[in-house]
Structures are given as structure tokens and as C-alpha cells.
Number of protein chains: 2
Amino acid sequence: MVKKQKYVYEWPRPGVTVDIALFTVAGTLQHLRLQVLLIERDEEPWRGMWALPGGFVRENEDLEGAARRELQEETGIQGAWLEQVTAVGTPGRDTRGHIITVVYMGLTAGDRHHLAPRGDARAARWFEVSALPKLAFDHALLLDHAVTHLRRRLDEAPICFELLPERFTLSELQALTEAILGRPLDRRNFRRKVAHLGFISEAEGTRREGRHRPAQLYRFVPQAFMEHAERQKAVPF
Amino acid sequence: MVKKQKYVYEWPRPGVTVDIALFTVAGTLQHLRLQVLLIERDEEPWRGMWALPGGFVRENEDLEGAARRELQEETGIQGAWLEQVTAVGTPGRDTRGHIITVVYMGLTAGDRHHLAPRGDARAARWFEVSALPKLAFDHALLLDHAVTHLRRRLDEAPICFELLPERFTLSELQALTEAILGRPLDRRNFRRKVAHLGFISEAEGTRREGRHRPAQLYRFVPQAFMEHAERQKAVPF
DNA sequence: GCAAAAGTGTTGAAGGTACACCCATGT
DNA sequence: ACATGGGTGTACCTTCAACACTTTTGC
């Protein structure tokens, strides 16, 4: 019998960070714009520049957990919906050395939180995605990946329920979707698609908002959404 | 003016690995099976168990470069087509400590290489995806992600040209696709779709293989494929 | 009665699926 | 002549895009 031996192996240790592109939508219903949350760095390198919130993954910390923690620490935001986008580790992307980042993308209602920059962040602000400042590191590239990912997901299904109150109108849902995709959608086609997906159900009551017909309210049905996600998966061998 | 100061910052250093699920297809044309390349570990932990090839990312090494290097070192295979699948960093997934892995997926023609296990690998072998041994670490989960990714991509377009000789018949391309997707496809529909995508063009000559009509040969047109990939991307703001 | 947003159906195009027969060859 | 895989067309259905008028309300 071979005796179980203790082994010692030292491996290279690049840094690992998470960066979060957290999106929201702001403006009036007829003129919503997609915005992304940026922080002004209070640390070198790139001190004073705008960047995606993010930071180093701690020992024994889950990747998504790290993303949530950094978001909370640097901006005060909790409870957003997050999805992993990709990992990027091109040498030279960070002047501090070899640092690999895992990019997360998320959505939240901007006005539900008030921004509380702390830690590495001197300031935190929402920026229109169409009017960004120059970004630190390769964050312009990471953001580009995140926007592409978000749009691809949203093309499949309107997953922007995070941005809405519990009960919402179909016009609101459509305006949001349009703002994120950056193009107008046909109202009738949109309603048919959403109804067919079955993620929403009629809620009690209507909303009167101006001198016009009140709108039916709807509610997101998380369970139907989950079932839809399950159905997307491939069959195992 | 604030004088530019030198800063010192030490960050936590989880390990970063890449793991590669490299697929091929083997068997006769009428009975192809999807296979994945595994190595038998020659190092603790999990010594003697089968695992995905992979290993630590070196200082200042690109992620995909690391995947290619590990694949070459552990199995002798070079020049496969690779795509990133996801990053996984669940605490406890590796007994050596906090180790984050970036999973790559790839395709190559198994019989174009002969396997030359070295380094951490005591052996390297192709296994049927439908008859896998128990895998080290959480590699069963990683492999599952990779298969799902592969099938989703292949559903969109037959990207398995890596598995074919320079000139191939449509029946070969179809048999491959069927083996990977794990379900049969209608011949006429398949041909129409492939022709419509425009990735292939007729090549000179035919192939006579048995006592039946010879098949037209085709050739992959990388440029048409690239243009298709470009078209998939979303519009910038 | 008019302004303003809510709500609703139909048609045509494109893409996907299902299905059956003839063709070229070797034996 | 027959066995074997190569090669082709058509009908149906589903999905998506385009398009305009009526309804309900506040003023």
C-alpha cells in the first residue's frame, strides 16, 4: 500500500476581482434612458477616474457573493439581480500586476436606493450609457460585454421586473424594455409576446395616471419565470 | 498639487485555474458518439481519479493561452478551437484552498492527435459523454456546463468544422451534428439550413465510399462564418 | 368634444418541421 | 436487379413584423 503523503504545492497567484455593471433606467415613461452605476476611484491606480464598482475576491468567498459585497460596500446598493457575464484576464489590463476579473451584470431600480459611496469609492453616480466618461482600466470593454449580454437576455424575455414596482402596467414594462434595448417595440406584438410567455398575471386594480384611460395592473409571477428558465436547458445524455 | 504617491496594497490571492472540456466525436458515420478528453491525475489531491485537463494560470498569462498550454502539456493536443464557458469559484470546490476556475470548451478531431500525457497527467483518454467515470473535484458540474454551452452554440450553427477533414460531405457534417446534439436531424432540412447559412461552399471532387452514389465534397468558408458571427452582435449606443 | 394613453386583430414573410421518392454506384 | 447511401421539393405550422382604429378617462 502506498502511504498517503502530505503534499506541498505552491501555485502562482494572480489577483482575482469582480466588476459589476449595474444598470437602471431613468427618466419619464416617454423618455427613459439606460444608465449604469459608476464610482469615482479614491485609490491608485486610476485615482479620480470613473470605473465599474468592484474589487478583490476575498478568501473563501463565492464569486457572486463578492460581487454583491463590493456593490454594497462601494455604493450602498443591496439586493440587485445579478448574472455572470464573462471572465477577462488579458495580461497588462491592470497596472498592479496580473489581475483576472469576473464581470457581473445586474439590474435594479435606481431610485429605490440612495447611493452611499464608501471605501474605494469617492463618489457613486448613475451615468447614461450613451454619455459615459472615460473609464479606468479596461472597464469600457467590460461594460461593452455587459451591455451585449443584457440585451441578448432581454431579447429573449423581459427580465426587467427588478426595475418595476410590485404592480405595474404593460406600458411601463414596454417602456423599460425599449430603453434597455435602445429601440422601439410594437405595442401589440410586445403585449402578445409577454402574455404568451406567462411570466405575468393580472393584478387587482388599475392605475389612473392622467386625463386618460386607466391601465390594468400586472404582477410578475416568479414561479412561471423559473419554469421557463428550466425549459431552456438542454437534455442530459 | 498632490504629489503622486507610491502605494502598496496587498490583496487576497485565491488560486486561478483553467479547466478544458475538449470534445470529439468517434465511431462510424452511422454510429458516432460524443466524447470528452479526460486525464488521470498523477498528483494529489484526487490522485488516480479522472478529471478535466487544466491547471493553474501562470503569471501574466492570458486565460485562453493558459487553457491551450495546459491542454498541450497534459495531453499533447494543440490547435483546438476553444470558447470560454463560465467561471466557477464556489468555496470548498477544491480541497487545496480557495481556487477559482475558468472553464473552456473546445472541439477537435480526436484522431488527428495522439495523446501524450505528461506532467500532472498519468494518462489521457477519450470517454463517451454518456459513460463517464466519477470525476475529481466538481468537474462533473463543469462538464455539464460545457455540454450545455456546446449544444446551445451548435443549435445556432454547425460549428463543428474542426472535426472534419478539409473537404467533407454533408452527410458527415450532419452525422457529427447529430452526435453532439444527441438527436437525429432531418436530412433535407439540415442541408437547406447549412446552405442558407453560407458557411460552406462546394469543393472540387466527390467521395466514393461504398457501392452507392458518390457524395459531393464541401469546404468550410471561414470568412463567411466570421461575417455571420459579426452580425450576431448587438448595436452599440 | 378633445387630448392622451390604453387596449385590441389581421395579414404577410420567414423559418422550422414533417414527410417520400428518384439517383448513382458497386456487387 | 438490388442494396446502399446521396440528393431533392412541398405543405403545414409557428413565429415575428408591420400596420390603424376604438375605448376610457380628465379637462
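Computed from heavy atoms alone, side chains included, the values below leave out hydrogens, waters and symmetry copies. Throughout, protein chains are lettered first and strands after them, A, B, ... in sequence-line order, and every chain is numbered starting at 1.
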Notebook entry, point to check: Rounded to whole angstroms, how far apart are CG on A:Leu170 and P on C:dG7?
Noted result: 6 Å

Item checked: Under-4.0 Å side-chain N/O to phosphate OP1/OP2 contact, A:Arg191 with C:dG7 -> yes

Check: Is the number of heavy atoms from other residues, nucleotides or ligands within 6.0 Å of CD (A:Gln223) greater than 12?
Finding: no

Next item on the list: Find the distance B:Glu172:CD to D:dG7:P and express it as a whole number of Å.
Entry: 11 Å

Notebook entry, point to check: A:Val88 and A:Asp19: side-chain contact (heavy atoms from CB on, under 4.5 Å), yes or no, with the steps?
Noted result: CA-CA 10 Å; A:Val88 176; A:Asp19 287 305; over 6 Å; no

Notebook entry, point to check: Is A:Arg125 close enough and on-axis enough to A:Phe127, meaning under 6.0 Å and within 45°, for cation-pi?
Noted result: yes

Checklist line | Of A:Pro214 and B:Arg183, the one whose closest DNA chain C nucleotide lies more 5' | finding: A:Pro214

Next item on the list: Using whole Å, report how far NZ of A:Lys193 lies from P of C:dG9.
Entry: 20 Å

Note to self: On DNA chain C, compare the nucleotides closest to B:His212 and B:Arg188; which residue's is nearer the 5' end?
What the structure shows: B:Arg188

Notebook entry, point to check: How is A:Gln216 classified with respect to the nucleic acid when contacts are heavy atoms under 4.0 Å: base, sugar-phosphate, or nothing?
Noted result: sugar-phosphate

Notebook entry, point to check: When you measure from the side chain of B:Arg187, which nucleotide among C:dG7, D:dG7, C:dT27 comes out closest?
Noted result: D:dG7

Checklist line | Length of the line joining A:Gln174:CD and C:dG7:P, which is rounded to integer Å | finding: 11 Å

Check: Does CZ belonging to A:Arg152 count more than 12 external heavy atoms closer than 6.0 Å?
Finding: no

Note to self: Any side-chain N or O of B:Ser171 below 4.0 angstrom from OP1/OP2 of D:dG5?
What the structure shows: no

Next item on the list: Check the distance between C:dG7's C1' and A:Leu217's CG and give it to me in whole angstrom.
Entry: 14 Å

Check: Nearest of D:dT4, C:dT17, C:dG7 to any side-chain atom of B:Asn189?
Finding: C:dT17

Margin query: Can you confirm whether or not the ring centre of B:Phe220 sits under 6.0 Å from the ring centre of B:Phe225?
Written below: yes

Next item on the list: Look at all strands and tell whether A:Arg192 reaches a base, only sugar-phosphate, or nothing, counting heavy atoms closer than 4.0 Å.
Entry: base

Item checked: Selected nucleotide, minimal atom distance to B:His196 side chain, candidates D:dA20, D:dG7, C:dG15 -> C:dG15

Check: Roughly how many Å is it from CD in B:Glu156 to P in C:dG15, rounded to a whole number?
Finding: 15 Å

Item checked: Sugar-phosphate, base or nothing in reach of A:Thr169, heavy atoms under 4.0 Å -> nothing

Check: Taking the nucleotide of DNA chain D with the closest heavy atom to each, which residue, B:Tyr218 or A:Arg211, is nearer the 5' end?
Finding: B:Tyr218

Next item on the list: Give the rounded distance in Å between these two atoms: CZ of B:Phe190 and P of C:dA18.
Entry: 16 Å

Next item on the list: Take the protein atom CG of A:Asp186 and the nucleotide atom C1' of C:dG9, then report the distance between them rounded to whole Å.
Entry: 12 Å

